[in-house]
Amino acid sequence: MKIAFLISAHTDPQHLLRLTEQLPEDSETFVHVDLKSNLQEFRATVTSPRVHFIEERYDVMWASMQQVKFQRALVKEALSFGTHFDYLFTLSGLDYPVWSNQRIKDYLTQHKGQEFIQGISMEHQQGIDAKQYQEYRFLNNHAWRYGTLKSKFRVSLRKISYALGIRKKLYIPVDGQHYALYKGADWWGITSELAAYCMEFMDSHPDFVHYFNTSFCPSETIWQTIAFQSPFASRCILSEGAFTRLEDYTPLTYIEYGEEIKILTEADYDTISKSGKMFCRKTITGRSDKLMDMIDEQRRDG
């Protein structure tokens, strides 16, 4: 069972070191460091030959296509590495494994071929969940910081266009077919075969990709939209009914969302252990150390 871990990092090199040291010894890890961050600081801290810092870097702004661009860069590096990986896993630089490496590999062996990417169709959703995806997010590829005049102008443009009745459709026409928009999360584990299919699909369908340039949080929709309308759809994890909470669509990762993602501490240990999730997020050096020590002890016990 060969695994490639695709990590997006922007802070806490010391945690990235601890994270990568805990991943399976025969895996490979590919890391994108945000262009705003100091790559050399990460390189100096994490020196394992199994960790590969990719050269293609982006100035990442949350909810923009920059996130899709670095995801694609990571997938490209893994697929062209020269090793066939059974699975590609996306992680953030502030994740941590909950299961032992042997348990991870045994589980993937037992479920080989399943795609651990979860999604729900947004086409018939109602209320705020649908509105977010019906809004045109013009100028979304510009890395304008929130609160600046340019950012405020972008927000105003979005609100005015929606008020005028200008709405994005919750589906994309592709080669005469109807592709419903699917929503999931950034954190998934997929086979190399599905990853290659998604990459080729995006390369050969620029109009499809263009739809997401003005869409909310495209990194949480573009992969799912392709996967659930691909030959691999039956292997993916389909949710039905009304959209609930984003943490309900992270099949592998324990997360607590509020106004922002909660920083996990030792007080969360029991909840994380009982969650059945393979990874947890987010853990930070100096604040989550005791929690990670407790997890490490559990992982050693299998």
Side-chain angles (χ1 to χ4, degrees), residues 8 34-36 58-72 117-187 198 201-230 238-250 255 257-261:
S8 55
D34 193 311
L35 195 58
K36 295 184 293 295
Y58 295 92
D59 183 353
V60 179
M61 186 179 74
W62 179 78
S64 77
M65 275 295 281
Q66 301 300 92
Q67 290 181 282
V68 175
K69 289 178 180 178
F70 81 66
Q71 287 176 328
R72 292 184 68 181
I117 183 169
Q118 189 168 349
I120 186 169
S121 173
M122 298 303 293
E123 192 171 13
H124 303 296
Q125 300 296 323
Q126 304 294 322
I128 184 64
D129 298 312
K131 180 185 175 183
Q132 285 186 316
Y133 292 94
Q134 290 172 325
E135 293 177 324
Y136 273 91
R137 296 190 172 237
F138 298 110
L139 307 174
N140 210 26
N141 280 335
H142 295 278
W144 297 335
R145 298 301 105 189
Y146 297 109
T148 64
L149 286 175
K150 289 181 178 180
S151 177
K152 290 178 180 178
F153 170 74
R154 176 170 52 201
V155 172
S156 297
L157 188 61
R158 181 178 84 231
K159 292 181 177 180
I160 290 170
S161 62
Y162 187 84
L164 291 174
I166 302 171
R167 311 286 167 86
K168 285 182 74 71
K169 296 184 184 301
L170 298 180
Y171 67 88
I172 310 102
V174 179
D175 297 335
Q177 299 182 54
H178 180 104
Y179 273 51
L181 181 72
Y182 278 78
K183 163 78 173 175
D186 283 329
W187 321 116
C198 290
F201 190 92
M202 284 185 259
D203 287 341
S204 60
H205 294 85
D207 289 344
F208 172 87
V209 175
H210 181 74
Y211 170 93
F212 294 89
N213 286 335
T214 54
S215 185
F216 173 65
C217 218
S219 63
E220 297 177 349
T221 55
I222 193 168
W223 300 92
Q224 288 81 1
T225 299
I226 298 171
F228 280 97
Q229 284 146 131
S230 75
L238 175 65
S239 296
E240 298 180 323
F243 182 82
T244 52
R245 311 170 305 157
L246 189 58
E247 50 262 57
D248 293 332
Y249 303 91
T250 57
I255 306 175
Y257 286 101
E259 292 186 2
E260 56 184 28
I261 299 173

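Worth saying up front: this structure is predicted, and the values here are computed from it rather than measured.
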One pair to check against side-chain contact (heavy atoms from CB on, under 4.5 Å): I120 and Y182. What are the steps and the verdict? CA-CA 5 Å; I120 186 169; Y182 278 78; 5.6 Å; no
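Remark: F138 CZ is packed, more than 12 non-hydrogen atoms of other residues, nucleotides or ligands lying under 6.0 Å away. Enclosure of atom CD1 in I128 by more than 12 non-hydrogen atoms of other residues, nucleotides or ligands within 6.0 angstrom is indicated. No more than 12 heavy-atom neighbours from other residues, nucleotides or ligands sit within 6.0 angstrom of CZ on F153. Atom NZ of K36 has more than 12 neighbouring heavy atoms from other residues, nucleotides or ligands inside a 6.0 Å radius.
You'll find the side chain of I255 reaches within 4.5 Å of the side chain of I261, heavy atoms only. Counting heavy atoms from C-beta outward, M202 and C198 have side chains that approach closer than 4.5 Å. The shortest side-chain heavy-atom distance between D34 and D59 falls under the 4.5 Å cut-off. You'll find the side chain of D175 reaches within 4.5 Å of the side chain of H205, heavy atoms only. In this structure, the side chains of I172 and F212 come closer than 4.5 Å at one or more pairs of heavy atoms. The closest side-chain heavy-atom distance from E123 to L181 is not below 4.5 Å. Side-chain atoms of W62 and Q67, non-hydrogen and from C-beta on, do get closer than 4.5 Å to each other.
With hydrogens and angles ignored, the 3.5 Å screen pairs a side-chain donor or acceptor of Q125 with a backbone N or O of G241. Not one N or O on the side chain of S215 forms a donor-acceptor pair closer than 3.5 Å with the backbone of P218. Using a distance-only test at 3.5 Å, with no hydrogens or angles considered, no donor-acceptor pair links the side chain of D207 to the main chain of V174. Q177 places no side-chain N or O within 3.5 Å of a backbone atom of P173 that could act as its donor or acceptor partner. The closest donor-acceptor contact from the side chain of S64 to the backbone of M61 lies under 3.5 Å.
Aromatic ring orientation, F243 versus Y249: parallel (interplanar angle below 30°, classes split at 30° and 60°).
Aromatic pair F208/F201: ring centres closer than 6.0 Å. The ring of F228 has its center no closer than 6.0 angstrom to the ring center of Y179.
A donor and an acceptor atom, one from each side chain of Q118 and T250, are nowhere located under 3.5 Å apart.
Here side chain to side chain donor-acceptor pair (under 3.5 Å) pairs that include residues 217-228, with residues two or more places apart or in two chains, are Q71-W223, K183-E220, D186-S219.
For the pair K168 and Y133, the cation-pi criterion (under 6.0 Å, within 45° of the ring axis) is not fulfilled. A cation-pi arrangement is found for R167 relative to Y162, the charged atom lying closer than 6.0 Å to the ring centre and inside a 45° cone about the ring normal.
Listed by chain and residue number, R158, K159 satisfy the side-chain contact (heavy atoms from CB on, under 4.5 Å) test with V155 (two or more places apart in sequence, or in another chain).
Ion pairing of D203 with R72 is present here, as a side-chain N (NZ or NE/NH1/NH2) and a carboxylate O approach within less than 4.0 Å.
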